[in-house]
Number of protein chains: 2
Amino acid sequence: MEFSVHIKMNEKLYLRDPEQSELGRKILKHGLELINKLGFEEFTFKKLAVAINTTEAGIYRYFENKHRLLIYLMTFYWSYLEYKIVFSINNLTSPEKKLKKAIELLVVEGDDAEVPSYLSVKKLQQLVMWEGSKAYLTRHVGTDNKDRLFKPYKDLCARLSDLILSYSPKYKFPHSLASTVVEMAHAQKFFKNNLPALTDFPNEKEDKKLTAFLENLLFSSMNTK
Amino acid sequence: MEFSVHIKMNEKLYLRDPEQSELGRKILKHGLELINKLGFEEFTFKKLAVAINTTEAGIYRYFENKHRLLIYLMTFYWSYLEYKIVFSINNLTSPEKKLKKAIELLVVEGDDAEVPSYLSVKKLQQLVMWEGSKAYLTRHVGTDNKDRLFKPYKDLCARLSDLILSYSPKYKFPHSLASTVVEMAHAQKFFKNNLPALTDFPNEKEDKKLTAFLENLLFSSMNTK
DNA sequence: TTTACATGATAGTATTACTATCTTTTTTAA
DNA sequence: TTAAAAAAGATAGTAATACTATCATGTAAA
């Protein structure tokens, strides 16, 4: 049996649905790659247009601006991750195991085969690490939030928050703890690679120590008081 | 007795020392204010030039680009904060009290009177909250790091890391825990104000709950195992 | 087969992120 | 005090960015 999950994207993110056309899918695929290559600040629609042999105007028909494209890619990833977590913990019984699984999924390299070929989980993870917080660190975070653009991220944190409460019903800060773990999964990876003095992780390929750190952070907090 | 501390800034940050001239100090003061007002992306040297009645070229004589100005302001804050922590815990004996003091200083509104009049701790704190991570989330983080531009931030984390070890010598991830607490002090404030679903803090002026969360996070981790 | 619609091609604009040059003013040092 | 050095002001210019607009063409659905 073969199947794939389709993630319904917020319609406010685009002007024309990029999944529905060849050009749209090219924008997503090469957009992701080019942002990763150049960094978000250096990335422009002009450069993307050249890369996929179309015109700037062509891309503007799909996305209002590059920031919307960034949020599109980010929210795809958060939705995918939430789905992946729900699916993976479905068969588990203890909240402890569920939370450990969730941390593992936050940290390990994803599998590109699980998403449409015009996207790549590994590349999305790189994007989250480098550009993730730029999705919300803008002056229009308020209106973007009203447009529910951050719903997938909030849903993911809410999901973790529920797990935290089911493990430790009296814990006082489940949402903050959830967002801390999610943020730190990526921030600590960035630090490990770029500002290693801020971490205790040797620069090896595996992220076992990061996983251990996040588990320690999460379970210690929940087990206290 | 009146005194003030002078923070020596990394010379690579500027082309001409902004503290040494009226124009330089105006760039710092109004630069900080204008970035806070417009957000870093919308902020330009042209707009700043208009605001302080000089020319774009005039500002470029002090700072290579707006990103350097951002790092200048950020590192000033991190240096100030480290000094403030060292000064405040000097008279304390227990590592526990020292760490609690450090968290308090990370969270509470600073006192503008403690820095030169062309800067403002409160405004720098707003800057850290909104633009802080943009200082390092760039493709040139490697070269910037080689130029030691992030030293004040790393020093601050190292300081906290030492306190963590003196409280709990066997704790395995003192640097990561330190950077987590510092990052979260600001990220959670941002979430509280802008994406409250990611926190458990009601939108009141006081940050007592944030302090409680950070203390819980820190001490639980250190007390485990 | 009409007609709607997506794409392509081209052009244009205000702004950004600089660099260059020349003049005037202020500071400093002989 | 005066000459020279340095800082600031004024102006200009350039390539790139972040769009918007228009018109032609090809393709797919009614």
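Chain letters run A, B, ... following the sequence lines, proteins first and then strands; every chain starts at 1.
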- Pi-cation contact, B/F173 with A/K209 (under 6.0 Å, within 45°): no

- Task: Report yes or no: is the cationic atom of B/R16 (NZ for Lys, CZ for Arg) closer than 6.0 Å to the six-membered ring centre of B/Y62, at no more than 45° off its axis?
- Result: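 Flagged: B/R16 positioned over aromatic ring of B/Y62.
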
Could you state the atom-to-atom distance from [atom1] of [X] to [atom2] of [N] in whole Å?
X: B/L69; N: C/dC18; atom1: CG; atom2: P; answer: 13 Å
X: A/K26; N: C/dG8; atom1: NZ; atom2: C1'; answer: 13 Å
X: B/R16; N: C/dT26; atom1: CZ; atom2: P; answer: 16 Å
X: A/N65; N: C/dT15; atom1: CG; atom2: C1'; answer: 16 Å
X: A/Y14; N: C/dA6; atom1: OH; atom2: P; answer: 13 Å
X: A/E19; N: C/dA6; atom1: CD; atom2: C1'; answer: 18 Å
X: B/R61; N: C/dT23; atom1: CZ; atom2: P; answer: 14 Å

- Message: Between A/A57 and A/G24, which residue's closest nucleotide on DNA chain C lies nearer the 5′ terminus?
- Response: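 Nearest nucleotide further toward 5': that of A/G24.
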
- With B/P152, which of B/Y80, B/W78, B/Y83 fulfils side chain to side chain contact (heavy atoms under 4.5 Å, CB included)?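 Single side chain to side chain contact (heavy atoms under 4.5 Å, CB included) partner of B/P152 among B/Y80, B/W78, B/Y83: B/W78.
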
- Item | From B/V115, B/L156, B/V121, residue fulfilling side chain to side chain contact (heavy atoms under 4.5 Å, CB included) relative to B/Y77 | B/V121

- Going by an N to O cut-off under 4.0 Å, is there a salt bridge joining B/R25 and B/E19? no

- Which residues share a side chain to side chain donor-acceptor pair (under 3.5 Å) with A/K101, sequence neighbours left out: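 For A/K101 there are no side chain to side chain donor-acceptor pair (under 3.5 Å) partners, ignoring immediate neighbours.
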
- Query: Any side-chain donor paired with an acceptor under 3.5 Å for A/Q188 and B/S176?
  - Reply: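 Result is yes, a qualifying pair exists.
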
- Query: Side chains of B/E131 and B/I35: closer than 4.5 Å at any heavy-atom pair?
  - Reply: yes

- Expected list for residues 38-56 of chain A near DNA chain C, using heavy atoms below 4.0 Å, is A/T54, A/T55

- Do side-chain atoms of A/K66 reach the backbone of A/F45 as a donor and acceptor pair under 3.5 angstrom? no

- What nucleic acid atoms does A/Y62 come within less than 4.0 Å of, heavy atoms only: base, sugar-phosphate, or nothing?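 Here A/Y62 touches the backbone only, sparing every base.
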
- Item | Covered region of DNA chain D, 5' end to 3' end, by chain B [heavy atoms, under 4.0 Å] |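 With heavy atoms of chain B under 4.0 Å away, the range is D/dA7 to D/dT11.
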
